[in-house]
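Since the structure comes first, as structure tokens, the remarks are kept for the end.
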Protein chains: 2
Amino acid sequence: MTLAQKAYDALRHDIIRGELPPGRPLRLADLGERYGMGFSPLREALNRLQAERLVTAESLRGFRVAPLSLDELHDATSLRIVIETEALKASIKNGDDAWASGIVSSLYALNVQAARTGPEADIWTLEKRHHAFHRALLAGCNSPWTLEFFERLYAATERYRIPVLLASARPVGRDVQAEHGALAEATLDRDADKASVLLEQHYLRTVEDLAEVISSSKGVPLPVRQTV
Amino acid sequence: MTLAQKAYDALRHDIIRGELPPGRPLRLADLGERYGMGFSPLREALNRLQAERLVTAESLRGFRVAPLSLDELHDATSLRIVIETEALKASIKNGDDAWASGIVSSLYALNVQAARTGPEADIWTLEKRHHAFHRALLAGCNSPWTLEFFERLYAATERYRIPVLLASARPVGRDVQAEHGALAEATLDRDADKASVLLEQHYLRTVEDLAEVISSSKGVPLPVRQTV
DNA sequence: GCAACAGAAATTTTCGAAAATAAATGAAAT
DNA sequence: ATTTCATTTATTTTCGAAAATTTCTGTTGC
């Protein structure tokens with residue numbers, strides 16, 4: 001693995017987790033210190049991240065962590081619904097046993113982690129398994145372009161969920177794991193219409209909860225307003 | 001404009017037009033000669049293009065122009081239909097007068113160019129106006145994410161159309177400009193259902209024609225099969 | 001006080017060379 | 001003839017410094 005790839009992974013990781021907060025200028029000298037490398041691999045990584053909209057760039061003025069906004073959250077969620085309900089239908093149509101098994105196992109792992117309390121309850125493992133579950137649902141769609149856009153939008157929306165998770169703001173009156181279970185069940189039953197509706201509702205509820213918590217700004221250190 | 005931006009524009013241009021054919025290794029020494037610059041800006045541009053899937057990269061083995069395949073053409077077209085029919089509906093719902101005017105003017109410019117013959121009939125102007133027309137249709141959707149994916153998929157599918165255009169393989173039994181006209185008319189009439197169907201048919205016919213010409217390979221210098 | 005400007009400092013961008021790795025070549029052995 | 005291995009060549013990757021540009025700071029003039 002080259003240094004440029006390590007830089008890409010590390011920067012992406014730190015941006016998505018909010019360790020590099022939205023709007024933060026990404027100075028090459030700082031990054032070189034932080035990740036222990038020279039400018040070349042860092043600039044290559046930043047260029048990739050710019051193409052993925054996780055970083056913004058301005059000519060001769062360097063790079064910044066891409067800002068967040070409620071508008072973007074709604075936009076990304078709407079598009080996720082369009083793309084993923086279609087991908088889910090395609091998966092239900094085309095998915096084989098390996099695809100179905102993937103859903104079962106990733107749902108199991110997700111539920112196990114969601115049930116943990118105390119020191120084992122770490123949100124990074126939970127988040128990783130949540131991602132794996134949603135990817136498993138669509139894995140049968142047989143469309144590389146769809147899967148790429150899924151990953152892009154997942155990363156984009158993950159940036160909004162993580163600060164809320166970190167503030168341990170639990171959604172009230174909502175059993176997220178039950179939603180995942182019902183979604184998996186309808187999918188494995190090959191009930192495309194039901195599964196699509198459940199997926200859409202899952203995302204709409206999530207964005208509602210997030211928008212609620214973020215706009216009331218109760219204890220969530222989310223710099224939605226970037227004063228440039 | 002920095003050299004890295006120039007490199008990005010030039011490489012993107014040459015890849016989409018097929019002047020750098022699919023699968024071609026992109027050696028830094030060659031590119032440095034071709035575009036008159038050093039390695040740094042070239043590598044930055046290549047990293048952006050890699051993120052956009054116009055270029056492939058292998059660790060320590062450099063970059064290549066991304067290959068083409070009929071599978072990818074079908075995949076990209078299917079996803080375009082999903083995303084763009086939805087975006088068109090949203091535009092019809094939200095679009096203002098400026099949006100509608102944009103459709104009228106871009107359609108006019110496209111038709112003018114399509115009618116030209118002789119020395120004025122240049123496919124690059126035609127292609128540019130075709131792109132502008134399709135972008136104008138969706139410009140009212142008010143969704144930056146949708147527009148980004150539109151641009152990605154437009155570029156991806158443009159790579160398949162251009163070799164066919166260059167071989168001046170005219171689609172038989174098809175009046176493409178009439179399709180554009182009908183599509184614009186339904187859109188301006190705010191008939192979302194009709195416009196969506198017309199857009200879908202427009203893409204399905206195009207991919208049919210392309211697949212026909214490409215797989216029969218009649219005079220189309222399209223290296224669909226990349227022997228790596 | 002503050003606007004305009006000059007100079008200094010900080011920062012990005014680019015180059016040229018060095019280091020690291022892969023690919024090609026050719027000699028030796030079987 | 002073919003494989004194996006060492007050597008050379010080609011190529012990518014990375015660094016460190018130079019060049020270009022922006023940003024900051026303090027001074028002058030009003």
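Residue numbering restarts at 1 for every chain, and letters A, B, ... go by the order of the sequence lines.
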- Task: Count the heavy atoms of every other residue, nucleotide or ligand shown that sit under 6.0 Å from CG of A:Asp97, and state whether that count exceeds 12.
- Result: no

- For A:Gln5, all residues meeting side chain to side chain donor-acceptor pair (under 3.5 Å), sequence neighbours excluded: A:Thr2, B:Ser59

- Under the 3.5 angstrom rule, does the side chain of A:Arg129 hit a backbone N or O of A:Val112 as a donor-acceptor pair? no

- Item | Of residues 42-54 of chain A, the positions that come close to DNA chain C - non-hydrogen atoms, cut-off under 4.0 Å | A:Arg43

- Which residues in residues 26-40 of chain B have at least one heavy atom lying under 4.0 Å from any atom of DNA chain D? B:Leu26, B:Arg27, B:Leu28, B:Phe39

- Note on the structure: chain B reaches DNA chain C, atoms under 4.0 Å from its heavy atoms, from C:dT13 to C:dA23

- B:Glu33: salt bridge (charged side-chain N to carboxylate O under 4.0 Å, His left out) partners, not counting sequence neighbours: none

- Query: Would A:Arg48 count as a cation-pi partner of A:Phe63, with NZ or CZ less than 6.0 Å from the six-membered ring centre and within 45° of the ring normal?
  - Reply: no

- Query: Starting at the 5' end of DNA chain D, which residue's closest nucleotide do you reach first, A:Leu60 or A:Gln5?
  - Reply: A:Gln5

- Provide, to the nearest angstrom, the distance between the CZ atom belonging to B:Arg61 and the P atom belonging to D:dT12. 11 Å

- When rounded to the nearest 0.5 angstrom, what distance separates CD1 in A:Ile81 from CG in A:Leu199? 7.5 Å

- Message: Which is more 5' along DNA chain D, the nucleotide nearest A:Ser59 or the one nearest A:Ala4? Just name the residue.
- Response: A:Ala4

- Got a sec, which pairs hit salt bridge (charged side-chain N to carboxylate O under 4.0 Å, His left out) with one end in residues 13-23 of chain A, sequence neighbours left out? A:Asp14-A:Arg34

- Item | Check: A:His134 side chain, A:His130 main-chain N or O, donor-acceptor pair, under 3.5 Å | no

- Task: From the options A:Glu151, A:Glu148, A:Glu84, select the one residue that forms a salt bridge (charged side-chain N to carboxylate O under 4.0 Å, His left out) with A:Arg135.
- Result: A:Glu151

- Query: Think A:Arg161 forms a cation-pi with A:Tyr203, using NZ or CZ under 6.0 Å from the six-ring centre and within 45 degrees of its axis?
  - Reply: no

